Each structure stands twice: as C-alpha cells, then as structure tokens.
There are 4 protein chains.
Amino acid sequence: MAPTSLSRPASTRHPDSRFEQRLAQILQHATAVFYEKGYEGASMRDLSRSSGMSLAGLYYYFESKEKLLYLIHKHYFTTVAQRLTERLEEVQNPEERVRTFIFNHLDFFLANHKAMKVLSHEDDVLERELGAEIAALKRQYYHSCSDLVEALKREHSSEFNTRVAVLSLFGMMNWLYTWYNPRIDPGADELSRQVGDIFLRGIRVPAAH
Amino acid sequence: MAPTSLSRPASTRHPDSRFEQRLAQILQHATAVFYEKGYEGASMRDLSRSSGMSLAGLYYYFESKEKLLYLIHKHYFTTVAQRLTERLEEVQNPEERVRTFIFNHLDFFLANHKAMKVLSHEDDVLERELGAEIAALKRQYYHSCSDLVEALKREHSSEFNTRVAVLSLFGMMNWLYTWYNPRIDPGADELSRQVGDIFLRGIRVPAAH
Amino acid sequence: MAPTSLSRPASTRHPDSRFEQRLAQILQHATAVFYEKGYEGASMRDLSRSSGMSLAGLYYYFESKEKLLYLIHKHYFTTVAQRLTERLEEVQNPEERVRTFIFNHLDFFLANHKAMKVLSHEDDVLERELGAEIAALKRQYYHSCSDLVEALKREHSSEFNTRVAVLSLFGMMNWLYTWYNPRIDPGADELSRQVGDIFLRGIRVPAAH
Amino acid sequence: MAPTSLSRPASTRHPDSRFEQRLAQILQHATAVFYEKGYEGASMRDLSRSSGMSLAGLYYYFESKEKLLYLIHKHYFTTVAQRLTERLEEVQNPEERVRTFIFNHLDFFLANHKAMKVLSHEDDVLERELGAEIAALKRQYYHSCSDLVEALKREHSSEFNTRVAVLSLFGMMNWLYTWYNPRIDPGADELSRQVGDIFLRGIRVPAAH
DNA sequence: TATGAATGAGTGTTCATTCAT
DNA sequence: TATGAATGAACACTCATTCAT
C-alpha cells in the first residue's frame, strides 16, 4: 500500500516504514467504522475509539477526514486493479477474460466486503481534486471491463448496448453489499460462475440482419 | 400519499387537506436535498432553505428528520408497489410478467430518479420500528419479483439459484442511480427491454440431466 | 378567585363568568404541570396537553407563561390569607392565635399540596411588577404571623429573635413539600399540633435578668 | 473533591491534577450560575460565559449538564457529611451532639450558601442512577441526624414523632436560603444556638403516663 | 372563543480540527 | 510520535409567542 500524498514530507518516508504500517492499521479500523456508520455518520471520535489512538494523534497520519476516505478508496481500487492485471496476463480466451474480471472483482469484494461497501456507498462524497483522482481510477477500471466485453462482442458478432451491459454487470456485482450473506450465499468461485452465466448468456445476442 | 402517524390528531385531518398538500411539497424538497447531500450530510437547515419554510416550521409537519426519511421511503415504495399490482393484472404470460416488473421498476425509477437514489442509498439508516416497517415493505416487493421469476423458472424447467438471480436483477436496476444519464442512455421502454433481455436470456438454463 | 389584570377588557367580564371558570380550570391544570416539572421545566405545550386546549387557545386566558405563574401565586396566596383572617376572628388567646395560623397554613398546604410546592419552589422567578406584587403579598402574610408571635412573646415576657423564630416556623411548614407523605404522616390536625408544640415550646424562653 | 466518572479514562488522572483543578473551578462557576437562575433556567451558554471557557470546552470536563449538577451535589454532600463525622468524634453528650449537627449544617450552609441553595432547590431534577446515588447520600445524612435525635429522645424519655421533628429541623435549616441575610441575621454560631434552642426545647416532651 | 400554522431565538450537544507540549 | 486541552461552527430540535381566521 503506497499512499501518494501524506502530511509528512516524502523525503522522510521510506517504503514499509513504521509510518506506513501504522497508517495501514488506521485505514483498516477506519474502513470498519465507515462500513458501520457511513462516512458522514462516523465521527473522528469513533475512529479514535476504534483505532485506540487519540483524536489528535490521528491527524499525524492524514490531514483530514476526507483525505482518509480518499486513502481508503485509493488503496482498494489500486489493489483490485493490480490483481486484475496480474490475472489477465494468464488468460487469452475472450469469454474467459470476462469471467476473470468478474471473478477477480467478486473474490476481492467478498474478501474485503467492508471496504467494498464503503467504496460503493461513499462514491460521490469526495470533492475536487481528490474526487477527480478517484473518479479517474474508477473510469479506468470501468474501461478495462468494457474493453473485455467489446472484445467478446466482436468475437460473437453480438449486438447490444455495451455501456448498458457493462454497467448492468457492475450493478449485479456492486449491489452485493446490500444482500450478500456468507452463510447462505455461494462463495466467490460459485458466485462469479453464476453471475458470469447470467451476464454472458445474457449478452449472447446474434446480430439481426 | 397518506402518511400514517403525524403530530396532529388523525381526527382533525381529512384526505388531501392543505396539511397533506403542504407535507407532500416538503417531502419533494427534502427528497431533492437528500439526493444531493445524502441523509446524514443534509441538515435540517438545508431542508428549511430548500423548502422556503422556517426550520421550526418544518417540525409542524413531521416530528424528526428520521421520520421524514421514513415518510419518503414509505410514499415511494407504496406507490411503486401499487402500480406494479395494477400492471400485473393485465399480463398473464410468465416471461411478460417478469418484463412487466422490470419495466414498472425502471419506469418509476427514471421518472423519480432523485427519490430512487435516496431509497437505494439510505437503505439502512432507519432504526427500530420505522426501519422494520420499511424493511417489511421491501421484503414484500422483493418477494413479488421472486415469485414471478419462480413461475418462469417452472415453465422453462430451468435450473439456477433464484435468490442470486433476483438480487442480481435488482442490482442491475438499482445501481442505475450511479450512472444513468438521460442524455445518452435509452428511455424506460428501451432500457427495460435491454435489461430484460440480459436477465431473461441469462436465466434460460436448461436443467442438466 | 378574582384575578385582577387579564388580557380581556374588564368591562366585558362579570364575576364567575364562563371566562373566569375556564381560567380557573386552566390554572388547576397548570399548577399540576408546574408541580411535576417546575416552572422553567414545563413548556406551554405541556400545559396545552394537560388542559386539553390548543397552544394558541391558552393565550386567550393569560398573556404569557409568567403571567400564568403570577395568577397561580396570587390566587393561592389570596385564598390562604383570607381564610386566615376568617379563622382568627374567632380566636382571642395569643397562643391559640399562633396555633390557628399554623393550622390554617398546614390545612391549606395539605389540601393544595401541588400548588404549595409551586408557591414554595418558584418563589423568585417572577420579575419586576409581577414579582413585586407577589412579594408584597408574602410580606404581608409574613407580618400577620410575626404579629401573632410578637403578641405571644409579650404575654410570656419571652426573649428571642422574632425574625429567626418566625422564619424557622415558615421553614418547618414550607419544607413539608419535600417530604410529606399522606400515607405515613399525620393529617393537618395532628401535624399542626406537633409543629405547634415544637415551635411554641421552643420559644417559651424566660427573659434573662 | 473526587468526581467518580468522567469522560477521560481514570488511569490517566492523578489526584489534584490540572484536570481536577480546572473542573473544580468550573464547578464553582456553575454553582453560582445555578444559584442565580436555577438549574433549568441556566443555559450551558450562561455557564460558558461565567467560566470564561468556550461552550464546547466545557464538555471536556463533564459529559452533560445533568452530570454537572450531579458533581455539584456529590461534592457538597460528601464534604458536609465528612465534616460532621469529624466534629462528632469529639462530642459525647446527646444534646451536644444534636447541637453539633445543627452547627455543622448551618456553618457549612452559610459558608457555601450558593451551593446550599442549589442542593436544596434542585433536589429532584437528577434522574435514574444519578438521582438514586444522590438520594442515597441524602438519606444517609438524614439518618445520621435522626439517630442523634433518637439518642436524645431515649435519654430524656421524651415522646414525639421523630420523623416529623427531624424533618421540621431540616425545614428550619434548609429554608434559610430563602431569607438569610448576612447583614442583619446572626452568624453561624449564634444562629445555630437559636435554632438549636427552639428545636431542643421544642422536643423536650415528658412522656405522658 | 379557539385554533392551525408558523416563526426567531434559543436549547443541549457534537462536529472536525488545532496547537502547545 | 502522540496527546490533553480547547475551540468555532454546526447539529437536531424545542421554546414562548403570534396572527389570520
């Protein structure tokens, strides 16, 4: 995890320093609190309590509550996108590549479900530069999915509205945070197979001619 | 729209009185504000400003900010469910009935997109009795969809996890609030056709034997 | 009960009119509410609720919350003082006259214990003219007691600080509202005998020479 | 003065720390404000003004207005009871022990008359646990007086209602806050002698036989 | 005679944040 | 590296009161 702009001058940090480790812990606690109470509903006092650090102490690690949310967004988005890249390197078949995207997303989603609710739910609270940066990350992630779907579409000579299809797929996946229950619902493997089935069968539309 | 428990004794109200009308206006303004800022992020002062009524004056119409959110939830959920019932009366074919559900939902969604974001986004902030009542409404709505899908499944002798399928469908539809853009995306008719296509094709899974 | 200055022009009132009766009822309800919550702690809404009259309606009968407290003070003080006058007319013996004062006070106190708590407890909240008028009433009542004690003192040729003695007597009597329990404590007759015993024995101090 | 439950963890406090000192100062200011305006009538803003600390700053020292009143009650009650214990250690004679109680009470009362008005006047506003704890303290204090009076009663073989007598004594003493004027009334020594005279002579009732 | 509707000022309390240490 | 102490601004909500009807 490598947050880019922190309150401390960059020159005094080195990767995986105690600073980074401590910050990562705080981010975890904060994620849990935002998960429970939402970003607006959570107070810095809540974060202080959950992390065991004093209110003032927290400000050594990030400069504002909003920046903290930014760091969370950035960390998880960077991570999920990076894993995706790694996994796609080993897959060539267009349909398998889409399935890989879905599996990667859901696998990460279920393993980090608190963070993923935060990312899904607190999508538009970041403002200005911070918001723009995260939005760019998301756009990029969206396009990496969109590209995979387009490739498949070409292979199948299908006809459908890619934008609607891809965003519907994101809807199926991101809405999970409202209903997924690990005790009764399938795990990442089976779930991504089922969602993949619905989506892939769903878009196999022979072009009309 | 008929809010159930208000500060005034029920006996002094009659349907569509000035009181009800004024409350309905306030609900509209409040919906717009919650849409913009979220429930937690919106202050009663924001509501006062947007509705043109004094802060104290608002409390004549509802007893708390939470009750206001409850009234919004209740109004829109009741309405969408009622329209569904009406529309389903005229449709017999199982597949058409599922398509009717989708169209009804998206039609209402797009016509009341601010409210629908509020309903989707502020799903779990209502507590205790208020929350339980709305949750019951939502469960009922979910089951009405689930029943339609089950009927179709029987007809097609398909095999799939109904729960996952139905909640994926809700995901496709409810996630709309994060991306739908009336200038570039299709209207309710076409959109519900496309979503319906993906979903219905997606679940047409012949039973293995 | 004849309050002196009300919001309605005097010319339109006549004694025991419906207006006076309604006001008297409101005063009773208000007394009960002030007894429970204190003057500052009670809201006009509480009074509205307890009297069954609308918030705005109350203002037809008195012009402010403070004036209402004034009316209560005035009514009860006038009444207890008037009864005292009547009772003293039939008693000549100095000691008996002091006992009559005590009995009159306690008899009234126990019969109107809610009001008496209000009078005792909300002693200094009335301001300016209103406060001055009630203070004058109380001073007069104090002096009527003080005079009786002075008369007795002369008869017995006792020596003691009259002010301290009389105010101690008032203390014994007015403090009652904090502890009197009708189920275990004696009634007005016996209680005033006991308090009278303590006080009268207590001040029978032969002058030193 | 050792408040029991504060917002800071007990482990980080040590007796007479700056925190305790500052809290004690605030308690003094608050006592003066409650004395002037009553508990309900005083606002947190009044306390802020009188103590020279910001409104929000006050909440660092106690968690609510009610808790503040509790701390005041507790401090003064604990102190007066403790002094009583010390003074009684040196007195054996039953009558002198009652006189010691009276002197101790009035001495403290006059030296802390603002606080004592608050304790007398805001007797029943504390609720639940807080109220119960203070009520227990008061009951204990009442019984320590009652025991002394009982002892005297046995010695004199007197007959009187102890409860009425003791509560009358408290009435004489606690009512002081409504009338005591240091410029014209006697000091603690003389005043407690006079009150003691009235009370002790008052209860010297030979048993009837 | 009484009230529904409304309000400005105020309530107790919490907010994210700062700064000396 | 971390915190105790403090703050101005804001929070949801209630206050006594008014006024057209």
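Chain identifiers are assigned alphabetically (A, B, ...) following the order of the sequence lines, protein sequences preceding nucleic acid strands; residue numbering begins at 1 within each chain. Because the structure is predicted, anything quoted here is derived from the model rather than measured.
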Starting from C1' on E/dA6, measure out to CG on B/Leu47 and report it in whole angstrom. 17 Å

List in chain and number order the residues that pass salt bridge (Lys or Arg N to Asp or Glu O under 4.0 Å) with C/Lys117, two or more places apart in sequence or in another chain; answer none if no residue qualifies. D/Asp124

Looking at C/Tyr60, does any N or O in its side chain come under 4.0 Å of the phosphate oxygens OP1/OP2 on E/dT1? yes

Side-chain N or O of D/Arg22 less than 4.0 angstrom from OP1 or OP2 on F/dG4? no

Which residues satisfy the side chain to side chain donor-acceptor pair (under 3.5 Å) test with A/Arg45, sequence neighbours excluded? none

Are the aromatic rings of C/Tyr61 and C/Phe19 close, with centres under 6.0 Å apart? yes

Heavy-atom contacts, protein to nucleotides 14-21 of chain E, under 4.0 Å, summarised as B (base), S (sugar-phosphate only) or - (none) per nt, yield BBBBBB--

Hey, mind stepping through A/Gln25 and A/Arg22 against side chain to side chain donor-acceptor pair (under 3.5 Å) and telling me if it holds? CA-CA 5 Å; A/Gln25 288 168 18; A/Arg22 204 81 185 76; 2.8 Å; yes

Can you sort out the partners of B/Ser64 under side chain to side chain contact (heavy atoms under 4.5 Å, CB included), two or more places apart, ordered by chain and number? B/Glu66, B/Lys67

When rounded to the nearest 0.5 Å, the distance separating OH of B/Tyr60 from CD1 of B/Ile26 is 11.0 Å

For the pair A/His73 and A/Phe77, name the ring-plane relationship: parallel under 30°, tilted 30 to 60°, perpendicular over 60°. parallel

Intra- and interstrand pairs of DNA chain F - dot-bracket, Watson-Crick/G-U under 3.5 Å, | marks other strand: .||||||||||||||||||||

Residue pairs passing the side chain to side chain donor-acceptor pair (under 3.5 Å) test where at least one lies in residues 29-39 of chain D, sequence neighbours excluded: D/Lys37-D/Asp46

Closest-nucleotide mapping onto DNA chain F: is D/Ser54 or A/Gly57 further toward the 5' terminus? I mean the 5' end. A/Gly57

